[in-house]
Number of protein chains: 2
Amino acid sequence: MNTLPPERRQSQPDRRRRGRRASDQRLLTSKMPPASRHLGQLKAACSQCSLHELCLPAGVDMLDLARIDQLTQKRQRILRHQTLYKAGDPFHSVYAVRAGFFKTEGGIGDGRDQITGFQMAGELIGLDGISSGRHACSAVALEDSEVCIIPFNEMEALARAVPALQRSLHRLMSREMVQDRKLLALLGNGTAEERITAFLIDLSQRLSQRGYAASEFVLRMTREEIGRHLGLTLETVSRTLSRLQRQGAIRVQQRLVRIVDAEALAGRVPA
Amino acid sequence: MNTLPPERRQSQPDRRRRGRRASDQRLLTSKMPPASRHLGQLKAACSQCSLHELCLPAGVDMLDLARIDQLTQKRQRILRHQTLYKAGDPFHSVYAVRAGFFKTEGGIGDGRDQITGFQMAGELIGLDGISSGRHACSAVALEDSEVCIIPFNEMEALARAVPALQRSLHRLMSREMVQDRKLLALLGNGTAEERITAFLIDLSQRLSQRGYAASEFVLRMTREEIGRHLGLTLETVSRTLSRLQRQGAIRVQQRLVRIVDAEALAGRVPA
DNA sequence: GCGCATCTTTGACCTGGAACAAGATGCCGA
DNA sequence: TCGGCATCTTGTTCCAGGTCAAAGATGCGC
């Protein structure tokens, strides 16, 4: 089930970043993000969660929030490189990312297939399992993470009682479709540079929505994973990042990316 | 709203196909498909519609079917090349294709953007508008078509009362996500031949689900539209079709496609 | 029937990114 | 401190598919 034994090789993520520049403190790590300050207090519910206006309960009033709290009682910790579920697993629940970072990839997750997306705190994973009753992709943690387990039957039942939750769910599903299609257009028409640029801008926006700096962040995924997401080889990803740096749009240092000229960057992506 | 004035330039679709071979009779045209035999009797409801187990009411029992019938009272005829909605239009309803054929494309539908999909009878269009309250793409009829107009607010309300409808809706949305991701993988990794092949197989399957011959059908879209769907140029689409024909897998004659060697075809597409 | 418009096919050439290869870098455990 | 390993960078070569161009098909209106 897990890709790695529970040894702690990955239990000290990003130790290598010790002693970096101060701004690193603000970056998305499994130690420091605001969303996980109460990582210990597992009782913290939707109503307490700093993500609640990004996540499911968006637009739900206080009264109904209590009922959603009950829905999301169960939590699960996922260590880096562990899989939350695999393609083909029977579908029972969806998962809200509370903290950490995931990738979802087609196939069994053997590292060959397309990566359909990267999910961060406040995003819902697993909705694609509804249609067939089995998960259509595999979800793997890119860093130590925590999710809320949301039994889908219960969620549907509650959605019937709480229109705001119903609407919220529909909006989330719809948003996924829209995002997938943006990516589709990118893969269909975009050059390598446009893909990378759009990817960085998207990441930057999502991070800033969560209170992180928009202009500097740490990539949680390898070049190869970026490539498998964008339909490029890892070499092309690397080259393109180097080129963008040479042109002064960004500054790259391993996984650390700083967006130097957001204007220039945005100018490269169509529409 | 519509891209063409209500003149009847397109009111006699496929006249050119007069006098073709007999097998054409079985093909998907706006005149002959089983789904539209009662095209005149606009009162025909979900419960009467030959598509009802492909469409929304899948799995809904007779009692609740009556309530869904009310939901789908309104119909609309869309002539060829007319747009059902444009990207940016405010979102109020989703549409179930009763008869005909649509494409959905990003942007204003000016003919430059990615075509996100082709929809045939029994499929739902417009769900991507939920997230932002505005349609995210444009839907254009590729032949004279008819849709059920389903006010989404009413549909949500009914879904709260009828769990089977709720589930059906969720399944449909989920299915769209899964399909988008298949396409994504194709655009990310597939060669031109794999894309075209997968496209033909998909069309063939969907047509046969609707009672048409799986091995011979008429493409409702141009090479250019296929290309814009698959991230290829129209020249590459044409060349690839020619090559598949030369290799004996298919037989192409303008828009008419006959799948000669389904095995060989399926063997070309990965997984 | 003729001319026009749209769509399709095919050819010739060029290029962006894949594939292959060879270091470089940084992390980790011994 | 060193050596192993994963990851990343950079160079070189090659080809699938894009681009440009031109010529068939096909159907439509006149």
Side-chain angles (χ1 to χ4, degrees), chain A residues 3-4 7-20 80-81 111-112 142 186-196 218-228 230-246 250-257 268, chain B residues 4 7-20 24 80-81 111-112 142-143 186-197 218-228 230-246 250-257 268:
Chain A
T3 52
L4 285 179
E7 289 145 16
R8 328 304 310 310
R9 181 176 136 253
Q10 65 278 31
S11 67
Q12 302 174 326
D14 304 318
R15 174 191 288 259
R16 81 182 109 129
R17 241 178 297 292
R18 227 180 345 150
R20 278 283 180 72
R80 188 148 82 119
H81 292 168
R112 292 261 146 230
L142 292 181
L186 212 57
L187 296 210
N189 309 315
T191 64
E193 193 173 286
E194 287 167 346
R195 297 183 205 194
I196 299 280
V218 173
L219 300 171
R220 312 316 303 192
M221 69 295 285
T222 67
R223 306 288 192 256
E224 199 243 345
E225 286 165 332
I226 297 175
R228 268 164 55 215
L230 298 178
L232 301 169
T233 59
L234 70 97
E235 292 96 328
T236 299
V237 173
S238 178
R239 265 188 259 272
T240 306
L241 287 175
S242 298
R243 178 149 31 93
L244 287 174
Q245 170 165 244
R246 229 175 297 127
I250 62 174
R251 176 92 209 142
V252 192
Q253 205 172 339
Q254 298 293 117
R255 303 276 181 104
L256 178 66
V257 173
R268 280 165 209 279
Chain B
L4 285 180
E7 288 143 17
R8 333 302 311 308
R9 183 176 134 252
Q10 66 277 31
S11 67
Q12 301 175 329
D14 303 319
R15 175 191 287 262
R16 79 185 112 130
R17 238 176 301 290
R18 229 181 341 154
R20 277 282 180 72
D24 266 47
R80 184 147 85 118
H81 292 166
R112 291 259 147 232
L142 292 180
E143 62 179 7
L186 212 56
L187 296 211
N189 309 315
T191 65
E193 193 173 287
E194 287 167 346
R195 298 183 203 193
I196 298 280
T197 302
V218 172
L219 301 172
R220 309 319 302 192
M221 69 295 283
T222 66
R223 305 290 193 257
E224 199 244 342
E225 287 165 331
I226 297 175
R228 269 163 54 213
L230 299 177
L232 300 170
T233 59
L234 68 98
E235 292 96 328
T236 300
V237 173
S238 178
R239 267 188 260 271
T240 307
L241 287 173
S242 298
R243 177 148 31 94
L244 288 174
Q245 171 166 246
R246 227 175 296 127
I250 63 175
R251 174 95 209 137
V252 192
Q253 207 174 335
Q254 299 293 117
R255 304 278 181 102
L256 179 66
V257 173
R268 280 165 208 279

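The chains referred to below are lettered A, B, ... by the order of the sequence lines, with proteins before strands, and numbering in each begins at 1.
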Trainee: Using whole Å, report how far CZ of R228(B) lies from P of dC7(C).
Mentor: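 After rounding, the reported distance stands at 11 Å.
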Trainee: Which heavy-atom pair separates T191(A) from E194(A) by the least distance, and what is that distance?
Mentor: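 Nearest heavy atoms, T191(A) then E194(A): N-OE1, 3.0 Å.
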Trainee: Measure CG/L230(A) against P/dA18(C) and give the value in whole Å, please.
Mentor: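 So the two atoms are 11 Å apart, to the nearest Å.
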Trainee: CG of L219(A) to CD1 of I226(A): how many Å apart, nearest 0.5 Å?
Mentor: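 Interatomic distance, L219(A) CG to I226(A) CD1, rounded to 0.5 Å: 5.0 Å.
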Trainee: Looking at R251(B), I want to see if its CZ is surrounded by more than 12 non-hydrogen atoms of other residues, nucleotides or ligands under 6.0 Å.
Mentor: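 Open: at most 12 neighbouring heavy atoms sit under 6.0 Å from CZ of R251(B).
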Trainee: Could you run through nucleotides 8-18 of chain D and give me one letter per nucleotide, 5' to 3': B if any protein heavy atom sits under 4.0 Å from the base, S if only the sugar-phosphate is that close, - if neither?
Mentor: SBBBB----SS
Trainee: Could you give the angle between the helix axes at the two ends of the helix from dG1(C)-dC30(D) to dA30(C)-dT1(D), with five pairs per end, rounded to 10 degrees?
Mentor: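 So the angle between the two local helix axes works out to 40°.
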Trainee: Rounded to the nearest Å, what distance is computed from the CD atom of residue E225(B) to the P atom of nucleotide dC7(C)?
Mentor: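 Distance check: E225(B) CD to dC7(C) P gives 8 Å.
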Trainee: Find the distance H81(B):NE2 to dT6(C):P and express it as a whole number of Å.
Mentor: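 The distance from NE2 of H81(B) to P of dT6(C) comes to 11 Å, rounded to the nearest Å.
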Trainee: Can you find a heavy atom in the side chain of T222(A) that is under 4.5 Å from one in the side chain of L234(A)?
Mentor: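 Side chain of T222(A) against side chain of L234(A), heavy atoms only: no contact under 4.5 Å found.
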Trainee: Tell me the interatomic distance from L187(B), atom CG, to dA18(C), atom P, rounded to whole angstroms.
Mentor: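 Going from CG in L187(B) over to P in dA18(C) covers 14 Å.
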Trainee: Send over the distance from L256(A) CG to dT25(C) C1', rounded to a whole Å.
Mentor: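 Whole-Å distance recorded here is 15 Å.
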Trainee: Which distance, rounded to the nearest 0.5 Å, do you find between the CZ of R220(B) and the CZ of R80(B)?
Mentor: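 So the gap between those two atoms works out to 8.0 Å.
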Trainee: Could you list the residues that satisfy side-chain contact (heavy atoms from CB on, under 4.5 Å) with R243(A), not counting sequence neighbours?
Mentor: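 Result, side-chain contact (heavy atoms from CB on, under 4.5 Å) vs R243(A): E193(A), T240(A), R246(A), Q247(A).
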Trainee: How close do L241(B) and R223(B) get, counting heavy atoms only, and between which atoms?
Mentor: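 Taking every non-hydrogen atom into account, CD1-NE, 3.6 Å.
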Trainee: Identify the two heavy atoms, one from L230(A) and one from L187(A), that lie closest to each other, and give their separation to 0.1 Å.
Mentor: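 For L230(A) and L187(A), the tightest heavy-atom pair comes out as O-CD2, 3.2 Å.
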